[in-house]
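Below is one structure, written out as structure tokens; comments come after it.
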Amino acid sequence: MDQSNPSVSSSDRYAWLSAEVSPIAVHDREPALDKKASVKGQAFSRCIGKPDAGAFVRLRLEIIVALFSAAIGSGPLRTGVAAQPAETTPLQLEAKIPLGNVHGESIIWRFDLKRQRVFVAELGNDSIGIVDLANRKLLHRIAGLKRPQGVGYEPSADLLYVANAADGSVRLFEGNEYKPAGQIELGSDADNVRVDTAANRLFIGYGSGALAIIDAATLSKIGDVPLKAHPEGFQIDPDTSRIFVNVPEAHGIAVVDRSSQKQVGKWPTPGRGANFPMAVDSARRQLLVIFRNPAELGAFSMADGKLVGTAETCGDADDLFVDAKRGRIYVSCGAGFLDVLEAKGMANPRIAHIPTTSGARTSLFVPELDRLLLAVRTSTAEPAAIWVFRPVP
């Protein structure tokens, strides 16, 4: 149709508007139909009695902009999660704490509640950054490490344990001024650290397949729990004597009894791989595990290891936490998102898909402060920093 013809009839004019508007669509149109109908109706009423061709061109552009805005505001995202106004997002960005000159990935590991300090493993710098969360600034940096991969803080002795993947050592530092306080040799690939406060012990994944047991009183290794392959994320069950360990190269989850210091079971994970993050949902007695292939959360019954539910998550996840106060689950992903899921019965539906920045995959939820901390690496758009998110309501 020639848009320069000023003698078009009103009926033809409405047909032209309909034909031009109809290609404007989104992934799922149903939620936006009412808005679209309203926009078209308003456009039709405005064009009656206005035969000027220039007005039609302007009007058509207005319609396209209005419909596009309606589609974004009310239609579902490609992930199937409805877009949310900023004020209703369940995690709101509160602050950004710069980390200074940091190369490569940073991993947020542990929190000193008494001093309100966060320990950040800076892999590319071979250092640990200590962040003063109360004053929102970098306080100190421990340099000269060997690819620090795991950090544990033991409050009774006020000691910081740093596991170094490059040389297999665990280096100790006193908890105020961070002076060296000893070293424990594990041999190779020292990784995640977990503190068993009740037993005054630490468990550290390392090597081709083992959990080292460290006595916090003597600051020495007192045993090993052999595993089929290198352990990744693992968690201590506070209500039993068990430890659950992600062993992706062995295609499963190892169940360890920390009293007998032996693996007592294995939960297979057929059809799923790259299981790294893990969290214990004590209230529902579920073990939550994130797989990267495919990108989903698996909920396992802690009674028998059966998979009781799954939910889609963002890609390249590295950390997972349960917010027991709100019945929520937080997942941080290197794909550039934070996912918020609802911990509900056997299901864990995703309720928010919040953009962050590419590579920001490690995080720490601190229930005592009611804050989620996200490590953001240096990029052309952002300096390395800790982003502080406040859960709402």
Side-chain angles (χ1 to χ4, degrees), residues 99 102-112 117-131 139-197 199-236 243 245-249 254 256 258 261 276 318-319 362 364 375:
L99 292 177
V102 176
H103 303 286
E105 185 177 14
S106 297
I107 304 177
I108 305 177
W109 275 110
R110 289 295 171 262
F111 183 69
D112 176 354
R117 294 176 182 176
V118 180
F119 304 113
V120 184
E122 302 166 346
L123 275 65
N125 282 17
D126 284 334
S127 59
I128 296 290
I130 293 94
V131 174
L139 182 68
H140 183 70
R141 180 168 277 129
I142 302 173
L145 301 170
K146 300 293 183 180
R147 192 169 173 78
Q149 189 72 31
V151 178
Y153 174 67
E154 205 289 297
S156 64
D158 197 19
L159 285 176
L160 185 68
Y161 290 73
V162 180
N164 293 270
D167 66 1
S169 69
V170 180
R171 304 191 191 186
L172 282 62
F173 300 89
E174 64 88 20
N176 189 31
E177 297 181 358
Y178 307 104
K179 296 177 181 178
Q183 185 164 319
I184 302 168
E185 300 296 338
L186 296 185
S188 67
D189 203 6
D191 203 335
N192 292 320
V193 180
R194 298 289 182 267
V195 178
D196 183 355
T197 305
N200 204 27
R201 290 180 176 177
L202 290 91
F203 293 86
I204 303 174
Y206 79 102
S208 59
L211 291 182
I213 306 170
I214 307 298
D215 185 351
T218 62
L219 305 182
S220 61
K221 178 182 171 184
I222 60 172
D224 273 323
V225 179
L227 299 168
K228 298 295 183 182
H230 180 76
E232 295 295 343
F234 68 94
Q235 295 293 337
I236 297 171
I243 302 175
V245 189
N246 273 328
V247 192
E249 292 182 8
V256 169
R258 62 183 189 267
Q261 302 179 15
F276 290 91
D318 210 51
D319 275 316
T362 71
L364 179 68

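The residues of the chain are indexed from 1 along the displayed sequence.
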With the side chain counted from C-beta on, respond yes when [X] and [Y] share a heavy-atom pair under 4.5 Å apart, and no when they do not.
{"X": "P180", "Y": "L172", "answer": "no"}
{"X": "I213", "Y": "F203", "answer": "yes"}
{"X": "L219", "Y": "L159", "answer": "yes"}
{"X": "D319", "Y": "L364", "answer": "no"}
{"X": "N200", "Y": "E154", "answer": "yes"}

Please indicate whether [X] has more than 12 foreign heavy atoms, meaning atoms of other residues, nucleotides or ligands, lying under 6.0 Å from its [atom1].
{"X": "K221", "atom1": "NZ", "result": "yes"}
{"X": "R201", "atom1": "CZ", "result": "no"}
{"X": "E249", "atom1": "CD", "result": "no"}

Give a yes or no on whether the backbone of [Y] and the side-chain of [X] come within a donor-acceptor separation of less than 3.5 Å.
{"X": "H230", "Y": "G209", "answer": "no"}
{"X": "N246", "Y": "F276", "answer": "yes"}
{"X": "R110", "Y": "V193", "answer": "yes"}
{"X": "S188", "Y": "S208", "answer": "no"}
{"X": "R194", "Y": "F234", "answer": "yes"}
{"X": "N192", "Y": "E232", "answer": "yes"}

Nearest-0.5 Å distance that lies between atom [atom1] in [X] and atom [atom2] in [Y]:
{"X": "Y161", "Y": "I214", "atom1": "OH", "atom2": "CD1", "result": "7.5 Å"}
{"X": "L202", "Y": "D215", "atom1": "CG", "atom2": "CG", "result": "9.5 Å"}
{"X": "D158", "Y": "D112", "atom1": "CG", "atom2": "CG", "result": "6.5 Å"}
{"X": "Q183", "Y": "D167", "atom1": "CD", "atom2": "CG", "result": "6.5 Å"}
{"X": "F173", "Y": "I142", "atom1": "CZ", "atom2": "CD1", "result": "5.0 Å"}
{"X": "I236", "Y": "R258", "atom1": "CD1", "atom2": "CZ", "result": "5.5 Å"}

### Query
Knowing that exactly one of L160, V131, N176 qualifies, which makes a side-chain contact (heavy atoms from CB on, under 4.5 Å) with R117?
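Answer after filtering L160, V131, N176: N176.
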#### Entry: Residue that, paired with L145, satisfies side-chain contact (heavy atoms from CB on, under 4.5 Å) out of N125, N164, L123
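Exactly one pass, corresponding to N164.
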Between [X] and [Y], what is the shortest heavy-atom contact and its length?
{"X": "A254", "Y": "V247", "value": "CB-CG2, 4.0 Å"}
{"X": "A121", "Y": "P148", "value": "CB-O, 3.5 Å"}
{"X": "E177", "Y": "E174", "value": "N-OE2, 2.5 Å"}
{"X": "D126", "Y": "R147", "value": "OD1-N, 2.8 Å"}
{"X": "A190", "Y": "S169", "value": "CB-O, 4.0 Å"}

### Query
Parallel under 30°, tilted from 30 to 60°, perpendicular over 60°: which one fits the rings of Y153 and F119?
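Y153 and F119: tilted rings.
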### Evaluation steps, side chain to side chain contact (heavy atoms under 4.5 Å, CB included), between E122 and I128
CA-CA 6 Å; E122 302 166 346; I128 296 290; over 6 Å; no
### Query
Does the side chain to side chain contact (heavy atoms under 4.5 Å, CB included) test come out yes or no for Q261 and L211, once each step is laid out?
CA-CA 9 Å; Q261 302 179 15; L211 291 182; over 6 Å; no
### Task
Kindly determine whether V256 and L227 satisfy side chain to side chain contact (heavy atoms under 4.5 Å, CB included), including the steps that lead there.
CA-CA 9 Å; V256 169; L227 299 168; 4.1 Å; yes
### Message
So, applying side chain to side chain donor-acceptor pair (under 3.5 Å) with Y206, which one of D191, D189, D224 is it?
### Response
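The residue from D191, D189, D224 that satisfies side chain to side chain donor-acceptor pair (under 3.5 Å) with Y206 turns out to be D224.
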